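Because the structure is predicted, anything quoted here is derived from the model rather than measured. The basis for the numbers below is simple: all heavy atoms, side chains too, and nothing from hydrogens, waters or symmetry mates.
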Amino acid sequence: QVQLVESGGGLVQAGGSLRLSCVASGRTFSTYAMGWFRRAPGKEREFVAGISWSGVGTASADSVKGRFTISRDNAKNTVYLQMNSLKLEDTAVYYCAASHGGWGPSGKYDYWGQGTQVTVSS
């Protein structure tokens, strides 16, 4: 069992930056691939970025490539999402998730956090 708690969301102007954190409970964090997803109002949940258990492999959605960076610190049981050059369309609730089955959009994400709100204003 893994429990995930996201933080770092907030209100930011377009063009600004935020860093999201997701802290996992338990001693098995380093065995999970991790992903970030988001759900915008009125839209389906979508994959944002993923990272392998070692941190070597990463994946990201085309909409965030070059702007968002996923990373992890296994010693701190934490995965991060650095978000730069934020756009209005990045407004969403952001969720982290843990997977034993890959780190892309089709990974088998078994555990989810409660989410953190990111609002980008003009």
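- Under the side-chain hydrogen bond (donor to acceptor under 3.5 Å, both in side chains) criterion, Gln3 pairs with no residue, sequence neighbours left out.
- In this structure, CH2 in Trp53 is found 15.0 Å from CE in Met34, a value given to the nearest 0.5 Å.
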Test log, rule side chain to side chain contact (heavy atoms under 4.5 Å, CB included), inputs Cys22 and Thr78: CA-CA 5 Å; Cys22 172; Thr78 303; 5.7 Å; no
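- The closest donor-acceptor contact from the side chain of Ser99 to the backbone of Gly107 lies at 3.5 Å or more, if one exists at all.
- Hydrophobic clustering (side-chain heavy atoms under 4.5 Å, transitive across Ile, Leu, Val, Met, Phe, Trp, Tyr) keeps Tyr80 apart from Val56.
- When hydrophobic clusters are built by joining Ile, Leu, Val, Met, Phe, Trp and Tyr residues whose side-chain heavy atoms come closer than 4.5 Å, directly or via intermediates, Leu20 is grouped together with Val12.
- Under the 30°/60° scheme for interplanar angles, the aromatic rings of Tyr111 and Tyr32 are found to stand perpendicular.
- Across Ser85 and Ser17, no two heavy atoms sit closer than the pair N-OG, 4.3 Å.
- Residues passing the ring-ring contact (aromatic ring centres under 6.0 Å, His included) test with Tyr109, sequence neighbours excluded: Phe37.
- Looking at Glu6, its side chain does come within 3.5 Å of a backbone N or O of Cys96 through a donor-acceptor pair.
- No more than 12 heavy atoms of other residues, nucleotides or ligands shown are found within 6.0 angstrom of CD on Gln114.
- A continuous path of Ile, Leu, Val, Met, Phe, Trp and Tyr side chains, each step under 4.5 Å between heavy atoms, connects Phe47 with Trp112, placing both in one hydrophobic cluster.
- Looking only at distances, a side-chain donor or acceptor of Thr116 sits under 3.5 Å from a matching main-chain atom of Gly9.
- Of all non-hydrogen atoms in Leu4 and Ala98, the two that sit nearest each other are CD1-N, 3.8 Å.
- Atom CD1 of Ile51 is separated from atom CH2 of Trp103 by 9.5 Å, given to the nearest 0.5 angstrom.
- In terms of modelled atom types and a separation under 3.5 Å, the side chain of Lys87 and the main chain of Gly15 share no donor-acceptor contact.
- With respect to Leu18, the side chain to side chain contact (heavy atoms under 4.5 Å, CB included) criterion is satisfied by exactly one of Leu81, Asn84, Val118: Val118.
- Shown here for Thr31 and Thr28, the closest heavy-atom pair between the two residues is OG1-O, 2.7 Å.
- Annotation: side chain of Ser25 is not in contact with side chain of Asn77 (no heavy-atom distance under 4.5 Å).
- The backbone N or O of Thr119 lies less than 3.5 Å from no partner atom in the side chain of Thr91, so there is not a single donor-acceptor pair.
- Contacts classified as side-chain hydrogen bond (donor to acceptor under 3.5 Å, both in side chains) and involving residues 66-76 (residues at least two apart or in different chains) are given here: Arg67-Asp90, Arg72-Asn74.
- In this structure, Ser60 contributes its side chain and Val64 its backbone to no donor-acceptor pair below 3.5 Å.
- Leu86 and Tyr95 fall into different hydrophobic clusters, where Ile, Leu, Val, Met, Phe, Trp and Tyr side chains are chained together by heavy-atom contacts under 4.5 Å.
- Between Ile70 atom CD1 and Ser52 atom OG the span is 9.5 Å, to the nearest 0.5 Å.
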Could you give me the CA-CA distance, side-chain angles and deciding distance for Glu46 and Arg38, then say whether salt bridge (charged side-chain N to carboxylate O under 4.0 Å, His left out) is met? CA-CA 5 Å; Glu46 65 173 349; Arg38 66 187 181 187; 2.6 Å; yes
